[in-house]
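Per chain, numbering begins at 1; letters A, B, ... match sequence-line order.
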Amino acid sequence: MAEYSALSILKNAFAGNRDWKPAWRKPEPKPTYDVIVVGGGGHGLSTAYYLAKEHGISNVAVIEKGWLGSGNVGRNTTAVRSNYLLPENSRFYEFSMKLWENLSHELNYNVMFSQRGVLNMAHTPGQLDDFARRGNALRHIGADSVMMTTAEIARLIPALDVSGSARFPIIGGLMQWRAGTARHDAVAWGYARGADRRGVDILENCEVTGFLREGDRIVGVSTSRGEIRANKVALAVAGSTGQVMRLAGIDRMPIESHVLQAFVTESLKPFLDTVVTYGAGHFYMGQSDKGGLIFGGDLDGYNSYAQRGNLPLVEEVMSETLAMFPGLARVRLLRSWGGLTDMSMDGSPIITTGPLPGLYLNCGWCYGGFKATPSSGFCFAWTIARDEPHPLTAAFTLDRFHRGLVIDDKGQGSTPRLH
Amino acid sequence: MLIPCPYCGQRDVSEFTYQGDGNRTRPNPSSTDRAAWNAYVYDRTNPAGEHREIWQHSGGCRAHIVVVRNTLTHAVVASSMARARTRADRREPT
Amino acid sequence: MSPRRAAQGGRIDRSGPVRFSFDGHAYTGCAGDSLASALLANGVSLFGRSFKYHRPRGVFAAGVDEPSALVTVLRDGIREPNIPATMLEIYDGLTVESQNRMPSLAFDVGALNQLAGPAIAAGFYYKTFMGPVFGPLKGTRFWMFCERFIRRAAGLGRAGYEKDPARYERMNAFCDVLVVGAGPAGLMAASAAAESGASVILAEQDAITGGSANWSGETIGETPAAEWAAATTDALAGRDNLRILTRTTVWGYYDGNTLAALERVGDHKPASPAGEPKHRHWTIRAKTVILATGALERPIVFPGNDRPGVMLAGAAQRYALEYGVLAGERAVVFTNNDNAYCSAAAMRDAGAEVAAIVDVRREISPAARELARQAGGELLLGHAVVDTEGGKAVTCAKVQPFDTASGTLSGSPKSITADCVLVSGGWSPTIHLASQAGGKPVWDEQQQAFLPPAPAQRWIGAGGLDGATTSEEALRQGWDAGRASVDGPPAPYAAPLVSSLELDARPAPVLEIPGKGKAFVDLQHDVTADDIRLAHREGFVSVEHLKRYTTLGMATDQGKTSNVPGLAIMAAALGKSIPDVGATRFRPPYSPVSIGSLAAERQAEIKPERLTPMHDWHVANGATMYSAGLWFRPMIYGQPGETVEQAYVREARAVREGVGMVDVSTLGKIAVQGPEAAEFLDRVYTNTFSTLPVNKARYGLMLREDGFVLDDGTTWRLGANDFLMTTTTANAGKVMQHLEYLLDVVWPQLRVHLTSVTDQWAGIAVAGPKSRAMLAACVSQTAVDDAALPFMGIVHGRIDDIPVMVCRLSFSGELAYEVYCGAGHGAQLWEALMAAGQPFGMVAYGLEALGTLRIEKGHVTGAEIDGRTTARDLHLDWMLSRKKPFVGSAMMDREGLIQPDRMQLVGLVSLDNRPLNGGGHIVEHGDGEIRDDSLGHITAACYSPARRQYIGLALVRNGKARVGTHAFVSDPMRDRFGPVEIVSHHMYDPQGSRMHG
Amino acid sequence: MADRLSPLEPVYRPGNHGNLAGGAGVVLGERQPGSIVQLAVWSGQERPALAVMLDVTGMRLPDGAGSGSAREDIAAFGFAPGRFLLVSEAEGLADRLRAALSEELGTVTDLSHGRTAFRIAGAKAEWVLAKLFAIDFALAAFPTGAGRSTSHHDIFAQIQRSGPEQFDLYVFRSFARSFWHTLCRAAEETGYEVR
């Protein structure tokens with residue numbers, strides 16, 4: 001398949017763009033694979049990609065019940081950052097950031113990772129100390145982070161309300177410059193194309209309806225397109241984890257599926273050159289290259305598989321928008337949508353072997369899934385290939401909850417909606 | 001979304017706080033059954049479909065309500081006072 | 001009057017000119033004009049530039065579906081970008097400018113993009129801009145360099161930074177029936193529902209009711225349809241069980257039949273009266289909804305279809321009949337259906353010349369043929385428009401024979417001179433709200449359109465939405481829906497006579513004409529038919545991939561005119577039917593909604609302020625206020641010239657040496673009452689309260705179920721079955737909910753009532769060695785000596801005339817008391833204590849001094865109780881009763897919670913005599929290098945007046961074992977590195993002799 | 001005893017405000033009742049407890065969730081299962097009620113300082129309140145005398161309809177000033193008079 005480049009674009013343009021080939025094949029399922037990855041979202045596709053690339057396992061099927069990338073990789077707010085508090089998380093997300101930094105080259109697909117920075121606003125001295133703690137933690141693990149003064153913030157983002165008369169005045173911020181945004185769909189398509197080019201079969205419109213078992217062991221899946229066998233079956237199904245695990249006979253998990261809404265305004269000329277978060281609520285905003293302001297806030301806060309949220313959260317997020325950017329009152333909300341998030345009991349993900357022999361599990365990404373796409377796939381592929389955790393995800397076990405080894409970045413305990 | 005509060009009637013979801021899976025049973029306080037405690041604190045049924053769950057009408061009468069709600073459509077199928085329910089199948093005082 | 005303005009007819013008022021300006025040029029229009037109709041009347045054809053190629057664009061539609069004519073309104077010094085000219089009512093003084101052009105609308109350098117042509121087809125940016133893999137532009141740098149230019153070229157209008165002086169409000173409404181859309185079906189439905197006595201809201205997005213009746217040219221009953229609509233509306237407006245909301249777009253269908261609507265209250269007024277909002281955000285909770293949202297026309301896609309002057313046929317009809325404005329003076333009508341013949345006739349009636357009617361079909365109905373005859377001009381059946389010519393406006397249309405069955409052209413094109421091409425590809429029911437309510441739309445082959453899904457919530461469809469193709473049908477459906485919405489018995493329906501013609505409602509299944517040149521599907525996003533075919537070639541064939549890869553339908557009009565043509569082109573490429581490609585799931589909002597309206601009253605202030613009864617005193621006496629959650633608390637009472645550190649050191653020293661007082665009214669306070677209150681407290685606290693005597697207080701610790709610390713505070717026993725629990729300020733709500741949950745869900749048999757009494761009591765802590773003497777001097781009706789008021793004792797008395805409750809407890813480590821009184825007396829009590837304290841050197845102290853005193857004592861607060869710490873981590877294991885179970889007791893001994901290398905609370909002393917900062921980290925190595933070796937972090941730090949050192953509290957890995965050792969603070973965020981000694985967290989008076997004194 | 005201070009003292013501006021083109025649509029004010037008391041009753045003890053209330057206050061409540069009764073000198077309404085708010089012009093109601101109520105029936109909590117009482121009256125009262133609360137204020141849905149517990153964002157409120165066009169609102173004291181601002185702002189559209 002052709003490499004993408006400026007030259008190939010020109011060549012094709014002269015040919016009326018008639019010679020472009022599909023970005024990935026649409027193969028028929030084979031009866032057997034070495035590995036089946038369930039879930040054709042970002043994590044599933046990157047897992048397949050790294051299985052092929054890092055571990056030479058290319059006899060892999062990615063099976064997706066709908067269209068490729070239909071999960072959260074296609075409905076998030078595109079922020080990429082590693083500025084977590086606890087080192088188990090920040091080390092992992094920092095590794096992801098490093099993969100992001102070379103991802104477009106790696107995939108020969110422009111995922112438009114724009115390192116325009118993510119800035120968290122502080123509104124009280126106590127919050128500033130908390131950010132210093134977090135920033136210091138990041139610096140100690142080798143990630144970047146700096147404090148910004150209000151004056152620096154005002155220069156960087158003239159649209160912000162930095163007045164002392166704000167209800168929650170901004171008194172400083174924590175900036176991670178290497179953080180930024182990426183084009184979410186491109187990540188799915190780039191990994192799909194990359195995996196496909198290494199021989200992975202991507203099977204769309206293929207829904208798992210059950211697991212094939214030999215004794216205790218999982219040996220494949222039955223699907224809407226027939227039975228498919230494999231030595232190893234890996235799940236990366238984000239919001240549907242509970243549903244798929246139920247098919248495997250496990251009916252309770254340390255996970256709740258919640259709806260997270262996201263929003264985009266009408267397209268505007270450049271308004272905001274970085275990604276910002278509000279410290280006196282839960283709000284984040286960036287601007288897409290097309291010009292839409294992309295933003296979101298809290299979860300709606302109840303179990304849901306409906307990919308649809310409700311009005312109170314919309315109103316809350318818009319209020320926080322104006323608390324930060326008073327000039328946006330007359331700008332108009334263009335579209336809202338809802339994604340399913342796997343909220344784990346401590347707000348941190350799960351990447352592990354088991355819980356059944358032959359089964360591998362990747363879930364519980366809460367808000368963090370998109371930015372983790374590269375490292376999640378990398379480390380999950382490692383776990384699948386070697387039957388042992390990658391050192392960076394060794395703490396992301398399923399049994400950590402019961403053992404009390406939780407990784408609770410927000411300190412909220414087992415109330416998923418608060419993570 | 002509206003949640004039917006048995007006391008206050010249909011109210012907007014913004015008046016409520018979600019308290020999660022209503023299928024969990026708290027073990028007897030003196031129980032040392034670690035697995036049972038773990039299940040109570042950490043494990044959730046999380047069904048796609050009808051879900052029995054607890055809401056508190058925190059912005060209203062503050063009662064806890066057992067709601068059966070479809071997580072695929074958000075349609076509320078039933079609601080009742082949590083207190084009445086737990087009274088009905090009262091366990092030994094603990 | 002301009003030649004484009006008919007002498008009579010329509011909703012406009014020709015009596016006086018309305019002045020407005022567009023791009024600095026002054027124009028006049030009529031009251032009732034939209035900006036689009038007014039500019040068209042002035043002969044303006046160029047309204048804007050397209051998104052990607054910056055091609056000149058005119059106005060394409062007449063309503064909410066407008067993709068091209070977007071403008072920025074300038075008002076009150078605030079920019080309001082991306083407003084469709086079709087939805088903007090003009091008023092005297094209206095000022096608007098065009099968008100996405102540099103330097104001007106007529107001459108736009110961005111139009112150079114057109115030269116790049118096919119190289120910037122759909123998705124081209126995924127294939128390039130990756131840059132070199134090494135060198136200074138490696139990694140993401142090259143892309144970020146390119147991105148700067150791309151971002152500038154993209155985008156539509158520009159937003160401003162200033163706070164909007166306009167007002168936004170919300171309104172909650174409840175009704176039996178909400179009727180969405182006040183066209184013929186909606187009006188009929190509202191009449192039928194209201195007649196039953198039900199409460200009805202009728203919402204119409206336009207400024208006037210009537211919908212298609214305003215431009216259909218039909219008669220209903222004995223009168224022109226527009227007059228019928230006005231009369232029906234008048235009758236409805238007289239009812240007290242019905243509210244008509246015009247300029248109100250119902251844009252969201254949420255769960256529980258909750259609908260969101262935007263009322264544009266002030267947008268059409270030159271000035272708003274005091275207190276009136278610009279926009280009102282309605283949340284309508286309706287028992288039943290009647291969706292009478294009508295249908296939207298869509299175009300046929302053909303090369304050159306984006307030139308200004310190419311317009312939807314129905315839009316031109318609307319301009320002619322509703323506004324008395326001609327979209328052009330010589331029209332070519334291009335259609336696949338009968339409806340456009342009405343548009344042609346209407347143009348002719350309004351004074352335009354119809355050069356030709358071009359129809360892809362070979363056969364048309366007799367009624368259409370008759371309309372064609374009335375319209376005049378050539379009737380070209382089996383033909384298609386294959387191109388247009390013209391610069392900033394159409395000058396001619398090219399027409400060629402076309403075979404519908406094969407989709408191919410034959411013969412050669414001929415030119416027809418025209419200044420507008422009016423196109424119709426049939427009508428798509430406006431199913432957006434129905435789709436938002438849940439369910440998948442259903443394809444109707446006859447109408448070549450998606451019909452609404454089966455209702456997933458309580459709504460009834462009527463009119464064009466439900467597939468009605470004639471007004472007669474729409475009126476009947478409206479009536480039926482109105483009756484059904486109130487479960488009324490079928491009432492006699494007096495069908496008004498409608499003059500409509502017997503048109504063939506089935507469009508030919510042709511939505512694209514092949515040909516050379518760019519044929520636009522999504523006019524705003526510049527998505528062409530070739531782009532869709534490219535997406536197909538590259539495998540982006542599902543409807544969602546199509547949308548995402550090409551950005552089809554993602555523009556501000558949300559694909560209202562482009563959705564079905566786009567699907568048709570993909571279906572043709574795939575050799576599938578349209579429904580097999582899939583239907584888009586519509587999401588809120590139906591049309592864009594101002595952010596201000598959604599924030600509503602919170603645009604003025606996002607959160608309320610919570611004030612203690614003494615707030616005004618603090619502010620009047622120089623306090624710097626600290627925002628703690630919603631509360632405001634004094635941080636310091638700074639004196640002129642003092643730094644923050646000097647102020648809190650002075651205040652803290654006063655407490656250690658004399659007496660000080662601090663407002664503690666913000667502490668959470670919960671009345672715990674009932675026969676089993678003590679039993680309940682035993683279950684929720686780690687320690688025992690049932691043994692606490694009346695009029696004594698005890699410090700208590702609560703865990704979460706998972707064994708981690710939740711909160712701490714003192715609880716006072718005021719009676720055998722009456723406790724006053726205090727919580728930390730930050731956790732008051734959380735603790736209340738935790739306790740209510742346990743009582744309601746887990747232990748419903750316990751007779752305990754919980755009531756928030758935080759606001760009932762004002763609280764003042766009086767602390768310092770002189771506090772007892774000071775209180776003795778002002779408290780009456782009780783003694784406060786050690787015998788009457790021992791440590792943790794409670795007495796009741798009066799200060800001045802104010803009843804008070806005094807508890808002897810200490811957070812500062814000094815002899816100290818908390819004095820509580822009714823909140824309404826708080827300010828007086830504060831002043832009374834201030835006055836009584838003067839002889840003792842009373843000083844008011846704030847949070848900083850409070851923090852200093854507690855750091856010295858090693859008492860924990862939210863910085864240490866951060867949701868990740870255990871009682872043991874905080875040296876509070878002595879509070880864990882082994883005699884009884886309590887919340888958290890079963891889980892607190894799990895492996896992860898008892899590991900020796902957990903982070904544990906220690907004290908720190910700065911060894912370089914420089915301040916420590918909260919958030920600094922602790923490391924073992926003294927080389928100053930930053931590596932992955934953090935042992936923990938500082939939770940709080942201060943200058944200790946008692947120790948005359950900079951000290952801090954920290955959570956440090958295996959901290960208990962490190963007491964007495966040296967370490968280093970590593971704080972790269974603030975460029976601070978230096979030696980510290982790890983000490984016990986009790987850094988002052990470890991025996992507690994002072995507070996027991 | 002010392003007078004109770006109003007939390008609104010510095011921001012309370014008697015007179016007419018807002019858009020008065022059509023006259024003041026509502027009258028807003030703070031009431032300062034002598035007693036605001038919560039009566040909370042154990043499950044199953046509602047009848048005897050309400051009998052005690054009748055004895056002490058002379059108030060009889062209709063059956064049903066949220067039902068209540070309002071007179072000029074005293075008002076009472078249910079606002080939660082087993083819980084009632086009693087508001088009296090007289091001080092000391094909590095003590096009198098506590099003395100009369102057996103612990104076997106329920107508990108009494110004095111909230112006289114803890115809640116601030118607002119009154120809104122006039123033809124536009126429903127309209128103004130509907131801007132702030134997501135409950136149905138129509139007379140048919142919210143009859144005279146009845147009580148409701150609801151909230152405006154962070155501000156919890158108990159509301160009693162004390163007349164066809166009159167509502168009494170009870171709000172946590174610490175929020176009173178913010179709520180007053182909010183209420184006044186909401187009433188500007190219709191014009192309001194502060195008494």
Fill in: SB check C:D164 A:R330 (cutoff 4.0 Å)
yes
Worksheet entry | Region of C:V543 that comes under 4.5 Å of a non-hydrogen atom in chain A | neither
Item to complete: Could you tell me which portion of A:D130 (side chain, backbone, both or neither) has an atom closer than 4.5 angstrom to a non-hydrogen atom of chain C?
Response: neither
Worksheet entry | Engaged part of A:N205 at the chain C interface, taking heavy atoms whose separation is under 4.5 Å | neither
Worksheet entry | Part of A:L293 lying under 4.5 Å from any heavy atom of chain C | neither
Discussion item. Between A:I171 and chain C, with a heavy-atom cut-off of 4.5 Å, which part of the residue counts as in contact: side chain, backbone, both or neither?
Written reply: neither
Practice prompt. State plainly whether the residues C:E80 and A:R332 are in salt-bridge range, i.e. N to O under 4.0 Å.
Written response: no
Fill in: Under 4.5 Å from any heavy atom of chain C - which part of A:R91
side chain
Worksheet, complete the sentence: Honestly, the part of A:P169 sitting under 4.5 Å from a heavy atom of chain C is neither
Worksheet item: What is the minimum heavy-atom distance between A:R167 and C:L630, and which atoms define it?
Response: NH2-O, 3.2 Å
Worksheet item: Is the number of heavy atoms from other residues, nucleotides or ligands within 6.0 Å of CD (C:Q899) greater than 12?
Response: yes
Fill in: A:D19 and C:R537 ion-paired at < 4.0 Å
no
Practice prompt. For the pair A:N110 (side chain) and C:Y125 (backbone), establish whether a donor and an acceptor sit closer than 3.5 Å, ignoring hydrogens and angles.
Written response: yes
Discussion item. Testing the basics here: between A:S267 and C:F51, what is the closest heavy-atom pair and its distance to 0.1 Å?
Written reply: OG-CE1, 3.3 Å
Fill in: Choice from C:K163, C:R148, C:R587 maximising heavy atom contacts with chain A below 4.5 Å
C:R587
Worksheet item: So what's closer than 4.5 Å to chain C heavy atoms on A:K410: side chain, backbone, both or neither?
Response: backbone
Worksheet item: A:W24 vs C:F540 aromatic rings, parallel, tilted or perpendicular, using cut-offs 30° and 60°?
Response: perpendicular
Worksheet item: Does atom CZ of A:R18 have more than 12 heavy-atom neighbours from other groups under 6.0 Å away?
Response: no
Worksheet entry | Presence of salt bridge, C:R170 and A:E315, under 4.0 angstrom | yes
Practice prompt. Could you have a look at C:R158, C:Q603, C:K607 and say which one has the most heavy-atom pairs with chain A under 4.5 angstrom?
Written response: C:K607
Fill in: Separation between CZ of A:R308 and CZ of C:R585, rounded to the nearest 0.5 Å
6.5 Å
Worksheet item: How long is the gap from CG on C:L70 to CD on A:E266, to the nearest 0.5 Å?
Response: 7.0 Å
Worksheet item: Got C:T128 and A:S5 here, is their nearest side-chain heavy-atom distance under 4.5 Å?
Response: no
Discussion item. Using heavy-atom distances under 4.5 Å, tell me whether C:R548 contacts chain A through its side chain, its backbone, both, or neither.
Written reply: both
Worksheet item: Tell me, side chain or backbone of A:S70 under 4.5 Å from chain C's heavy atoms, or both, or neither?
Response: neither
Worksheet entry | Contact origin within C:I78 toward chain A - heavy atom pairs under 4.5 Å | both
Item to complete: Pick one of side chain, backbone, both or neither for C:E609, based on which atoms fall under 4.5 Å of a heavy atom in chain A.
Response: both
Worksheet item: Quick one: CZ on C:F124 to CG on A:N12, what's the gap to the nearest 0.5 Å?
Response: 14.0 Å
Discussion item. Report which part of A:L68 has an atom under 4.5 Å of a heavy atom belonging to chain C: side chain, backbone, both, or neither.
Written reply: both
Worksheet item: At a heavy-atom separation under 4.5 Å, does C:H937 approach chain A through its side chain, its backbone, both, or neither?
Response: side chain
Response to the item:
Answer key: most heavy-atom pairs under 4.5 Å with chain A among C:S934, C:S542, C:G157 is C:G157
Practice prompt. Let me know if A:T321 has heavy atoms under 4.5 Å from chain C in its side chain, its backbone, both or neither.
Written response: side chain
Discussion item. Taking side chain as everything from C-beta outward and backbone as N, CA, C, O, which of these in A:R183 sits under 4.5 Å from a heavy atom of chain C? Side chain, backbone, both or neither.
Written reply: side chain
Discussion item. Which one wins on heavy-atom pair count under 4.5 Å against chain A: C:G582, C:S627, C:C146?
Written reply: C:S627
Fill in: Side-chain (A:S336) to main-chain (C:P588) donor-acceptor, under 3.5 angstrom
yes
Practice prompt. Please test C:Y161 against A:F325 for ring-ring contact (aromatic ring centres under 6.0 Å, His included), starting from the C-alpha separation and ending with a verdict.
Written response: CA-CA 7 Å; C:Y161 300 157; A:F325 299 106; 9.0 Å; no
Discussion item. Please classify the contact of C:A535 with chain A as side chain, backbone, both or neither, using a heavy-atom distance under 4.5 Å.
Written reply: neither
Fill in: Salt bridge present between A:D129 and C:R974 (N-O < 4.0 angstrom)
yes
Worksheet item: Checking C:H921 side chain against A:R133 main chain: does a donor-acceptor pair fall under 3.5 Å?
Response: yes
Worksheet, complete the sentence: So NE2 of A:H105 and OG1 of C:T140: to nearest 0.5 Å the spacing works out to 8.5 Å
Worksheet item: Considering only heavy atoms, which portion of C:S970 lies under 4.5 Å from any heavy atom of chain A: side chain, backbone, both, or neither?
Response: both
Discussion item. With a 4.5 angstrom heavy-atom cut-off, is it the side chain or the backbone of A:V264 that approaches chain C, or both, or neither?
Written reply: neither
Worksheet entry | Heavy-atom proximity to chain A below 4.5 Å, by part of C:K52 | neither
Discussion item. Angle between ring planes, C:Y126 versus A:Y109, binned at 30° and 60°: parallel, tilted or perpendicular?
Written reply: parallel
Worksheet item: Non-hydrogen atoms of chain C under 4.5 Å away: do they reach the side chain of A:F401, the backbone, both or neither?
Response: backbone
Worksheet entry | Partner chain A: residue of C:P592, C:A599, C:G539 with the largest heavy-atom pair count (under 4.5 Å) | C:P592
Response to the item:
In terms of heavy-atom pairs under 4.5 Å with chain A, the winner among C:I150, C:V133, C:D706, C:D255 is C:D255
Worksheet item: Any chance NZ of A:K26 has more than 12 other-residue heavy atoms, nucleotides or ligands included, within less than 6.0 Å?
Response: yes
Discussion item. Less than 4.5 Å to any heavy atom of chain C: does that hold for the side chain of A:A280, its backbone, both, or neither?
Written reply: neither
Worksheet item: Tell me, side chain or backbone of C:M554 under 4.5 Å from chain A's heavy atoms, or both, or neither?
Response: both
Worksheet item: Quick one: CG on C:N917 to CG on A:N136, what's the gap to the nearest 0.5 Å?
Response: 9.0 Å
Worksheet item: Which value, rounded to the nearest 0.5 Å, describes the distance between A:L311 atom CG and C:Y253 atom OH?
Response: 14.0 Å
Worksheet entry | Heavy-atom proximity to chain A below 4.5 Å, by part of C:H279 | neither
Worksheet item: Is A:D408 paired with C:R868 through a side-chain N to carboxylate O contact shorter than 4.0 Å?
Response: no
Worksheet item: How far apart are the closest heavy atoms of A:L405 and C:G896, and which atoms are they?
Response: CD2-CA, 3.6 Å
Worksheet item: Non-hydrogen atoms of chain A under 4.5 Å away: do they reach the side chain of C:A940, the backbone, both or neither?
Response: neither
Item to complete: Give, as side chain, backbone, both or neither, the part of C:R976 having an atom under 4.5 angstrom from any heavy atom of chain A.
Response: neither
Worksheet entry | Proximity breakdown for C:H536 and chain A, heavy-atom pairs closer than 4.5 Å | neither
Worksheet item: At a heavy-atom separation under 4.5 Å, does C:I83 approach chain A through its side chain, its backbone, both, or neither?
Response: both
